[in-house]
2 protein chains.
Amino acid sequence: MMKRQYPTLAEVAKVAGVSLMTASRAINNRPGVSPEKREDILRIADEMGYVANRAAQKLTGARTRIIGVVAELHTPFTSDLLLGMGAVARAADYEMLVYSLPVCDRRPPHSIIDMLRQIADGVIVILPYESDYLESMTTAHIPVVTIEQGVESAFPSVTADNYQGGCAALRHLIELGHRRIAFISGNDRLTSARDRRRAYRDVLAQARLPYDPNLEVDGDFLRKSGFEAAQKLLALSDRPTAIFAANDASAYGAIAAIREAGLRVPDDISVIGFDDIPIASQLHPQLTTIRQPLQQMARASVNLLLALIAGLDAPSEQIVLPTQLIVRESTTMLKARKRKEEGEKVSVAR
Amino acid sequence: MMKRQYPTLAEVAKVAGVSLMTASRAINNRPGVSPEKREDILRIADEMGYVANRAAQKLTGARTRIIGVVAELHTPFTSDLLLGMGAVARAADYEMLVYSLPVCDRRPPHSIIDMLRQIADGVIVILPYESDYLESMTTAHIPVVTIEQGVESAFPSVTADNYQGGCAALRHLIELGHRRIAFISGNDRLTSARDRRRAYRDVLAQARLPYDPNLEVDGDFLRKSGFEAAQKLLALSDRPTAIFAANDASAYGAIAAIREAGLRVPDDISVIGFDDIPIASQLHPQLTTIRQPLQQMARASVNLLLALIAGLDAPSEQIVLPTQLIVRESTTMLKARKRKEEGEKVSVAR
DNA sequence: CAGCCGAACGTTAGCGCTAACGTTCTGACG
DNA sequence: CGTCAGAACGTTAGCGCTAACGTTCGGCTG
């Protein structure tokens, strides 16, 4: 069934009246063919609907001009990243194929890289998790670039500066006069979550603000966890005037809880998120947040991979791209009255 | 660079002290090998870290146990569909590779299928758009299944019953006593959008309710368009008591506009969406909507493709899967007073 | 005008695998 | 005890392509 109907290079060559190698050279734009013959061959190949067989190309060790991507499709932004990466790849005359990693798959992606190795010229792994097993595949024998890995990645990697972003978020709140600032964390399995938490604590310390464990509530990046975390925070006798949520989804969860408690955002409590998801600029209130440099990450990762494929032995680079504070409606100056109260409390706390 | 280090079948065979074909048979679980030898070979292959080269397999015309998927990653649900499809494929010992189609790509996916054909055993195309060019590739010489295509698809296809879902949505509103029901459409380039619009008109006619062009506002499935459409509807002298939005995103947009106008959902206006996006059960108000049978679609499409790959010449099937009405908070009975008013108006209109 | 160089081609081998045949050997049966 | 089926293997020929090395031939040099 499904008999072959696509012509092979040999058939094209025969019709063009040249040898197989001449045809190969013409089609791959390599020297050693006279201009007229080259044009002839290309025309005939086109007429015959010739499509180079990438499986055969790969088998001979040549490039397939395909890059493989391993990603968890359900992670926020993954699709944005992929779209960006696809565009960059296509601009370089590469195609991109994505392997959708099942959520929380315990199977080492080793076997997936093994598969992609046979098809693609290089692989980009988008794994928000710090994966020990990734290290076990340094012998992949194919260029690999990771996105969002921990800094200790064994491969060249591209990542957003979560720490810097977290710092910017907290400083923004502090500049607005807030002193009692809560943090709703993300899933600490993720490097990004840990970096944001670290930023919270560090900036707090830098600003000589007291660290109150009650203000640091565990979440998991989901809306619901933000909601529940905020409920806990609101139940405190001495509740925060601002909340830094580790991502936008949990920020919106927190906002929902705050409103349900009869309070207003940002008048009673300021909320800042992280990510700048698309609806952050649409939902009310528009969310103040930290924007991830997705386009730059896409561009950088693909370009880095293409460089590796081209044989440029790029030193095991770690590209860290800056994030950006986007101020919208969900944060505001701490009211003078409140600030005074807070100020007193803080001094007492010291 | 990147010297080969993965063993080939020949190397495994040599170590096992058998011929290449015997090793091939053992590894592919084919008859003609004694049980002891088979076990031996498998053990050795495992020890040596043997990974079958799919490019070589494909070249000989054998199966690669890979299915290709062409999808627009940004279309809502695509990632859910892909996740489901991946799970089904993996259960059948198949891997899945996704080609992310650029949004609004004018380039015929012909070339993409040509590429996937060299890698995969079959292809699933998720295209919400009715694509004329798809027809031009009936000569793909590889099994193809489409999802969400128009019924006139040249390939076996799997689709949600958008028409039936739209009917259910409208009947729900009518049963709640609503008579003046508006429709916010989706992008009519999409088959699904057209089917939902058709359902709106048909059920209106069936219920002998008057059709008012003013109540049918064009949208494009985005939140913003729902917002603007609702504003238009609210500006009508005789505004609707219920709105059927062609998808959840625009339903939430409409709700935002209604609230901004100082009205409440569902007390003043009922709103029903379509899709049952994840946050529909989380955002306030929880949205009454029509759930798409994503898991079933994933399962059906993969199984259909696998059947085609297995050579079962499934008659060019069109599998249409039923949707499900999910009643939540955003719709409610028309108030008795209002119903009376509306009833009068309707009789006058006749 | 011999010699030689390089552009324009052609030929060969092989990438890793499988289908399709050979070959060998065991054992059952008349 | 010959024979013959069939299981258990081995051998050969590609799949479509490219790297590496031949071959041919026009033209330039001394």
Side-chain angles (χ1 to χ4, degrees), chain A residues 1-41 45 48-66 114-115 117-119 121 141-142 311, chain B residues 1-41 45 48-66 114-115 117-119 121 141-142 311:
Chain A
M1 43 158 266
M2 299 293 171
K3 265 316 276 167
R4 199 199 70 215
Q5 189 151 332
Y6 289 79
T8 68
L9 227 206
E11 285 163 10
V12 172
K14 201 155 128 196
V15 172
V18 297
S19 81
L20 202 150
M21 263 326 281
T22 304
S24 171
R25 279 189 269 257
I27 282 169
N28 292 308
N29 202 27
R30 263 189 258 266
V33 191
S34 66
E36 317 88 61
K37 212 153 237 177
R38 180 186 301 272
E39 201 172 322
D40 231 43
I41 295 169
M48 294 177 70
Y50 172 73
V51 180
N53 186 323
R54 307 202 195 215
Q57 288 179 317
K58 191 69 188 173
L59 204 53
T60 66
R63 302 269 135 83
T64 55
R65 302 198 79 82
I66 293 176
D114 280 343
M115 177 181 74
R117 190 179 50 82
Q118 302 167 349
I119 293 166
D121 296 342
H141 295 281
I142 182 177
Chain B
M1 45 156 262
M2 300 291 171
K3 269 310 281 170
R4 198 199 72 216
Q5 188 151 332
Y6 288 80
T8 69
L9 227 205
E11 285 162 11
V12 172
K14 201 154 127 198
V15 172
V18 297
S19 81
L20 201 149
M21 264 325 280
T22 303
S24 170
R25 278 189 271 257
I27 281 168
N28 291 307
N29 201 27
R30 264 190 257 267
V33 192
S34 65
E36 316 87 61
K37 211 153 238 175
R38 179 185 303 272
E39 203 172 319
D40 231 45
I41 295 169
M48 296 178 68
Y50 172 73
V51 180
N53 187 323
R54 306 201 195 217
Q57 289 179 316
K58 191 69 188 174
L59 203 53
T60 66
R63 303 270 134 82
T64 55
R65 301 198 81 80
I66 293 175
D114 279 344
M115 178 182 73
R117 189 179 51 81
Q118 302 167 348
I119 294 167
D121 296 341
H141 296 281
I142 181 176

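Chain A is the first sequence line, chain B the second, and so forth, proteins listed ahead of strands; every chain is numbered from 1.
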Undergrad: Determine the minimum heavy-atom distance between Tyr6(A) and Glu11(A), stating which atoms define it.
TA: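 Scanning both residues completely, I find the closest heavy atoms to be O-OE1, 4.4 Å.
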
Undergrad: Would you mind reporting whether Ile66(B) and Ile119(A) have side-chain heavy atoms less than 4.5 Å apart?
TA: yes

Undergrad: Is the backbone of Lys58(B) close enough, under 3.5 Å, to the side chain of Gln118(B) for a donor and an acceptor to pair up by distance?
TA: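 Answer holds: no.
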
Undergrad: With a 3.5 Å cut-off and sequence neighbours excluded, list the donor-acceptor pairs that the side chains of residues 29-37 of chain A form with protein atoms.
TA:
none

Undergrad: Going by the rule side-chain hydrogen bond (donor to acceptor under 3.5 Å, both in side chains), which residues pair with Ser19(A) if we only count those two or more places apart in sequence or in a different chain?
TA: Thr22(A)

Undergrad: Given atom CZ of Arg65(A) and atom P of dT18(D), what is their separation to the nearest angstrom?
TA: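 To the nearest whole Å, that distance equals 13 Å.
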
Undergrad: Whole angstroms only, please: what is the CE-P distance between Met21(A) and dT23(D)?
TA: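 Interatomic distance, CE of Met21(A) to P of dT23(D): 17 Å.
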
Undergrad: Holding to side chain to side chain contact (heavy atoms under 4.5 Å, CB included), I want the full list of residues that pass it with Leu9(B), two or more places apart in sequence or in another chain.
TA: Leu20(B), Ala23(B), Ser24(B), Ile27(B), Tyr50(B)

Undergrad: Can you list everything that forms a salt bridge (Lys or Arg N to Asp or Glu O under 4.0 Å) with Arg25(A)? Sequence neighbours excluded, please.
TA: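 None.
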
Undergrad: Hey, does the side chain of Thr60(A) come within less than 4.0 Å of dA19(D)'s phosphate (OP1/OP2), counting only N and O?
TA: no

Undergrad: Quick one: salt bridge (Lys or Arg N to Asp or Glu O under 4.0 Å) partners of Arg38(A), sequence neighbours excluded?
TA: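 Salt bridge (Lys or Arg N to Asp or Glu O under 4.0 Å) check on Arg38(A) returns nothing, list empty.
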
Undergrad: Please give me the minimum heavy-atom distance between Val12(A) and Ile41(A), naming the atom from each residue.
TA: CG1-O, 4.4 Å

Undergrad: Given dG16(D), is OP1 or OP2 found less than 4.0 Å from the side-chain N or O atoms of Thr8(A)?
TA: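 Indeed not, no polar side-chain atom of Thr8(A) lies that close.
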
Undergrad: Is a donor on one side and an acceptor on the other found under 3.5 Å between the side chain of Arg54(B) and the backbone of Thr64(B)?
TA: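 Confirmed, Arg54(B) side chain pairs with Thr64(B) backbone.
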
Undergrad: Rounding to a whole Å, what distance do you find between Leu20(B):CG and dT18(C):P?
TA: 8 Å

Undergrad: Tell me, which of residues 24-36 of chain B have any heavy atom that sits under 4.0 Å from an atom in DNA chain C?
TA: Ser24(B), Asn28(B), Arg30(B)

Undergrad: May I ask you to evaluate whether Tyr6(B) reaches the phosphate of dC15(C), defined as a side-chain N or O under 4.0 Å from OP1 or OP2?
TA: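 It does not, given that no N or O in the side chain of Tyr6(B) lies less than 4.0 Å from OP1 or OP2 of dC15(C).
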
Undergrad: Find the distance Arg63(B):CZ to dA19(C):C1' and express it as a whole number of Å.
TA: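 Distance check: Arg63(B) CZ to dA19(C) C1' gives 14 Å.
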
Undergrad: Using rotation axes that map the C1' atoms of four end pairs onto the next four (five pairs an end), what angle separates the end axes of the helix from dC1(C)-dG30(D) to dG30(C)-dC1(D), to 10°?
TA: 50°

Undergrad: Between dC17(C) atom C1' and Ile41(B) atom CD1, what is the distance in whole Å?
TA: 15 Å

Undergrad: Give me the residues of residues 51-59 of chain A where at least one heavy atom lies under 4.0 Å from an atom of DNA chain C, by number, or none.
TA: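 Under 4.0 Å from DNA chain C: Leu59(A).
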
